[in-house]
Amino acid sequence: MVNAQSLLENTDYKIGEIAEIVGYDNQLYFSRVFRKEYGVSPAQYRKKMEKSSLSK
C-alpha cells in the first residue's frame with residue numbers, strides 16, 4: 001500500500017491503473033483495502049494530498 005500511496009501522491013495515473021501496478025486485478029477491491037488501511041478512498045486521499053500541497 002505504501003507504493004500505492006506514493007503513486008497517488010506523485011503521478012496522474014488513474015486509480016484503476018494504480019491498482020494494477022500494485023498487483024490488484026479488481027479496482028473496487030483495491031479501493032476497499034486502501035480505505036481499510038488509510039481511512040479514506042484512494043480518490044479522497046489524492047484530493048487531500050493535492051489540497052495540502054497547494055497550501056504549502
Undergrad: Identify each donor-acceptor pair in which a side-chain atom of residues 36-47 lies under 3.5 Å from a protein atom, sequence neighbours left out, and give them as a table.
TA:
| residue | atom | partner | partner atom | Å |
| --- | --- | --- | --- | --- |
| Y38 | OH | Q5 | OE1 | 3.0 |
| S41 | OG | Q44 | N | 3.1 |
| S41 | OG | Q44 | OE1 | 3.3 |
| Q44 | OE1 | S41 | N | 2.9 |
| Y45 | OH | Q5 | NE2 | 2.7 |
| Y45 | OH | E9 | OE2 | 2.4 |
| R46 | NE | L8 | O | 3.2 |
| R46 | NH1 | Y13 | O | 2.8 |
| R46 | NH2 | T11 | O | 3.2 |
| R46 | NH2 | Y13 | O | 2.9 |

Undergrad: Could you grab the distance from atom OG of S52 to atom NZ of K48, nearest 0.5 Å is fine?
TA: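 Between atom OG of S52 and atom NZ of K48 there are 8.5 Å.
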Undergrad: With N10, which residues qualify under side-chain hydrogen bond (donor to acceptor under 3.5 Å, both in side chains), at least two apart?
TA: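 Here the qualifying residues are S6.
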Undergrad: Rounded to the nearest 0.5 Å, what's the gap from CG on L7 to CG on D12? Could you check?
TA: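 Answer rounded to 0.5 Å: 11.5 Å.
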Undergrad: Output all residues satisfying side chain to side chain contact (heavy atoms under 4.5 Å, CB included) with V33, sequence neighbours left out; order by chain, then residue number.
TA: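 Per chain and number, V33 pairs via side chain to side chain contact (heavy atoms under 4.5 Å, CB included) with M1, Y24, Y29.
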